[in-house]
Amino acid sequence: MEQKPLTTLPGTRDILPVEIPRWHLVEDRARQVLALYGFQEIRTPLLEATELFARGIGGDTDIVGKEMYTFTDQGGTSITLRPEVTASVVRAYTEHHMYRGGGITKLYYIGPMFRHEKKQKGRWRQFYQIGAEVLGSDDPAVEAEVIEMILRLLEQLQVEARLLINSVGDRNCRPGFIAILKEAISQDLGRFCDDCRRRAQTNTLRVLDCKVESCQPYINRLPRITDHLCRECSEHFQKFQDHLREAGIRYEIVPRLVRGLDYYVRTAFEMVSGELGSQNALVGGGRYDGLSEVLGGPPVQGFGFALGLDRLVMILPDSLAEASVDRPEVYLVYLSDEALKAAISIARLLRRQGVRCHLEFGAGSLKSQMRMANRVGARHVLIIGQDELAKERYSLKRMEDSKQWEVSLPELSQYLQSLPAAARKNPSSTNDK
RNA sequence: GUGAGCGUAGCUCAGCUGGUAGAGCUCUGGAUUGUGGCUCCAGCGGCCGGGGGUUCGAAUCCCCUCGCUCACCCCA
């Protein structure tokens with residue numbers, strides 16, 4: 001029977017070779033910048049106990065409520081594909097007693113997340129994040145430093161984003177504000193949309209985040225959390241802003257900014273881009289003191305962020321991406337079976353010297369091999385035919401300016417080694433400093 | 001889960017009020033018997049998403065179905 005060819009699942013995709021240079025560029029730059037700021041990589045499992053996220057993220061959130069890929073394994077354990085990593089990092093921090101060294105711990109991660117959402121522009125079911133967590137400090141200076149680091153990365157990648165900040169209070173002042181908010185909403189309850197009326201009960205703060213046009217006038221009239229912070233939170237927020245200003249960082253206070261994860265306290269922030277369409281959040285993060293205790297660990301202060309790699313790659317300037325393509329240095333063209341053997345041998349020699357080589361097996365005419373060399377972006381073509389074999393001197397053509405000359409093997413090696421490193425190594429590789 | 005739009009060659013799309021398929025790009029070959037990119041010429045390539053209906057005749061009209069995209073919700 002005729003079968004439909006299998007394809008990727010909705011919301012998942014293959015990242016093809018032509019796109020990989022963009023990803024490498026972003027990942028390489030990110031690792032460099034994170035290292036500059038003293039972060040170390042941690043790799044946690046993609047699979048975790050469902051309870052980790054259910055408790056860590058919060059049962060009222062959309063993520064836990066309807067977006068997790070959860071299944072029961074053969075042993076009857078409820079397992080979930082991670083929808084985010086902060087809870088995992090905090091778990092690992094405690095599990096491996098990383099707090100025992102004293103001081104603060106700076107960790108970063110990079111990898112795929114899974115959320116069962118409807119796909120649209122900039123939103124996938126499997127998507128990639130780079131994120132970092134600073135554990136063991138509640139200093140607002142840490143927050144400003146992390147934000148500075150992200151901006152440094154975006155700057156290097158020539159990506160523009162607006163920084164939005166807010167304080168969502170803490171255990172002392174937030175309950176009081178929620179009560180005030182709920183009271184204020186009930187004054188005009190009939191004028192809000194259905195979702196807002198529901199959220200007023202279940203997740204009151206999220207009413208502030210409603211995007212429905214008709215709700216806007218009433219939301220604007222609601223009390224602002226920044227006016228109802230306790231003294232400690234208020235001071236924290238002020239110091240945070242002082243540090244941002246001293247670093248010369250521009251920001252906008254958005255009192256309505258409420259993030260979708262329950263664990264945030266005090267500082268919350270987002271970076272948004274106008275180039276992303278409706279899903280405009282490029283980076284999101286905040287402070288989560290207390291998360292560790294919710295997971296059954298010791299008290300640990302924490303601050304972190306996650307950056308959407310897919311979205312960053314999407315808006316990366318093409319010019320940057322093109323510069324980071326790994327082009328073959330030498331494309332070997334052969335004109336007979338005997339020449340093929342010589343080509344294989346020469347390629348082996350050059351590769352031992354660190355030269356990127358390419359040759360096509362079962363290739364066609366000289367013309368078609370030249371065309372292929374051009375297509376793969378080879379900088380040079382080495383032509384091996386009867387004449388060359390007889391003389392043991394080969395025709396080397398520089399594609400850029402079409403100059404061609406004859407070289408012996410030692411001359412070839414010497415010439416290739418003499419090329420400027422920038423011409424052989426792409427700018428995103430780690431050893432171009 | 002809700003709404004809107006779209007499914008025609010590998011890709012981007014044209015095909016008006018029904019007459020059994022086209023362009024550009026890509027690819028292959030030639031102009032240039034051992035030389036790429038530009039140009040010109042030729043060629044390969046399509047159960048017009050799938051199923052049913054109306055009709056002498058459907059890519060075109062109607063119904064159903066599947067898929068994709070964007071938006072809402074929410075988020076990276």
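Treat the numbers as computed from the prediction; the structure is a model and nothing was measured. In what follows, chains are A, B, ... by sequence order, proteins preceding strands, each numbered from 1.
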*Answer yes if the side chains of A/Tyr128 and A/Gln126 hold a donor-acceptor pair under 3.5 Å, and no otherwise.*
yes

*asked:* Just checking A/Glu19: does its CD atom have more than 12 heavy atoms from other residues, nucleotides or ligands closer to it than 6.0 angstrom?
replied: yes

*Take the angle between the ring planes of A/Tyr415 and A/Trp405 and call it parallel below 30°, perpendicular above 60°, tilted in between.*
perpendicular

*asked:* With salt bridge (Lys or Arg N to Asp or Glu O under 4.0 Å) as the test, pick out the partner of A/Asp310 among A/Arg123, A/Lys119, A/Arg13.
replied: A/Arg13

*For B/G3 and B/U12, measure between their P atoms and round to the nearest Å.*
28 Å

_Using the P atom as the point on both nucleotides, what is the distance between B/C25 and B/C61, in whole Å?_
30 Å

_Closest approach to the side chain of A/Met370, judged atom by atom: which nucleotide of B/U35, B/C73, B/A71 is it?_
B/U35

*Rounded to whole angstroms, how far apart are CZ on A/Phe305 and P on B/A76?*
12 Å

*Assign a letter to each nucleotide of nucleotides 27-34 of chain B from its 5' end: B, base within under 4.0 Å of a protein heavy atom; S, sugar-phosphate only; -, no contact.*
SSS--B-B

_Salt bridge present between A/Glu143 and A/Arg266 (N-O < 4.0 angstrom)_ = no

*Could you give the distance separating B/U17 and B/C62 at their P atoms, to the nearest angstrom?*
11 Å

*Any side-chain donor-acceptor pair under 3.5 Å between A/Gln241 and A/Tyr251?*
yes

*How close or far is atom P of B/C73 from atom NZ of A/Lys119, stated in whole angstroms?*
17 Å

*Quote, to the nearest angstrom, the P distance that separates B/A76 from B/G24.*
47 Å

*Contact class for A/Val283 (heavy atom, under 4.0 Å): base, sugar-phosphate, or nothing?*
sugar-phosphate

*Could you state the NZ-P distance from A/Lys121 to B/C70, rounded to the nearest angstrom?*
7 Å

*Does B/U69 have OP1 or OP2 sitting under 4.0 Å from an N or O in the side chain of A/Gln120?*
no

*Quickly work out the A/Leu316 CG to B/A76 C1' distance and round it to whole Å.*
16 Å

*Take atom P in B/U54 and the same atom in B/U69, then report the distance between them in whole Å.*
35 Å

*Fit a plane to each ring of A/Phe269 and A/Phe303, take the angle between them on a 0 to 90° scale, and name the class: parallel (under 30°), tilted (30 to 60°) or perpendicular (over 60°).*
parallel

*For A/Gly122, report the nucleic acid contact type (base, sugar-phosphate, nothing); a contact means any heavy atom under 4.0 Å.*
base

*Counting side-chain heavy atoms from C-beta on, which of B/C70, B/C74, B/U35 comes nearest to A/Arg123?*
B/C74

_Test log, rule salt bridge (charged side-chain N to carboxylate O under 4.0 Å, His left out), inputs A/Glu148 and A/Arg152_ = CA-CA 6 Å; A/Glu148 178 186 307; A/Arg152 191 73 64 241; 3.6 Å; yes

_Judged by each residue's nearest nucleotide on RNA chain B, which is more toward the 5′ side, A/Pro10 or A/Phe127?_
A/Pro10

_B/G10 to B/C44 separation - C1' atoms, rounded to the nearest Å_ = 12 Å

_When you compare the side chains of A/Tyr288 and A/Glu133, does any donor N or O come within less than 3.5 Å of an acceptor on the partner?_
yes

_Qualifying residue, where the test is side-chain contact (heavy atoms from CB on, under 4.5 Å) with A/Arg162 and the options are A/Arg250, A/Met271, A/Glu252_ = A/Glu252

*asked:* Work out how far the C1' atom of B/A21 is from that of B/C16, and round it to whole angstrom.
replied: 16 Å

*If only atom types and distance count, is the side chain of A/Arg55 paired as donor or acceptor with the main-chain N or O of A/Val294 below 3.5 Å?*
yes

*Write down the distance separating the C1' atoms in B/G53 and B/G1, rounded off to the nearest Å.*
32 Å

_Quick check: on RNA chain B, is the nucleotide nearest A/Asn374 upstream (toward 5') of the one nearest A/Leu282, or the reverse? Name the residue that is more 5'._
A/Asn374

*asked:* Counting Watson-Crick and G-U wobble pairs with both distances under 3.5 Å, what is the dot-bracket string for RNA chain B, 5' to 3', using [ ] for crossing pairs and | for pairs to another strand?
replied: (((((((..((((.....[..)))).(((((.......))))).....(((((..]....))))))))))))....

*Whole angstrom value for the distance that separates C1' of B/U69 from NZ of A/Lys118*: 11 Å

*asked:* How many whole angstroms separate atom NZ of A/Lys66 from atom P of B/C74?
replied: 8 Å

*Separation of atom CD1 in A/Ile110 from atom C1' in B/A76, rounded to whole Å*: 13 Å

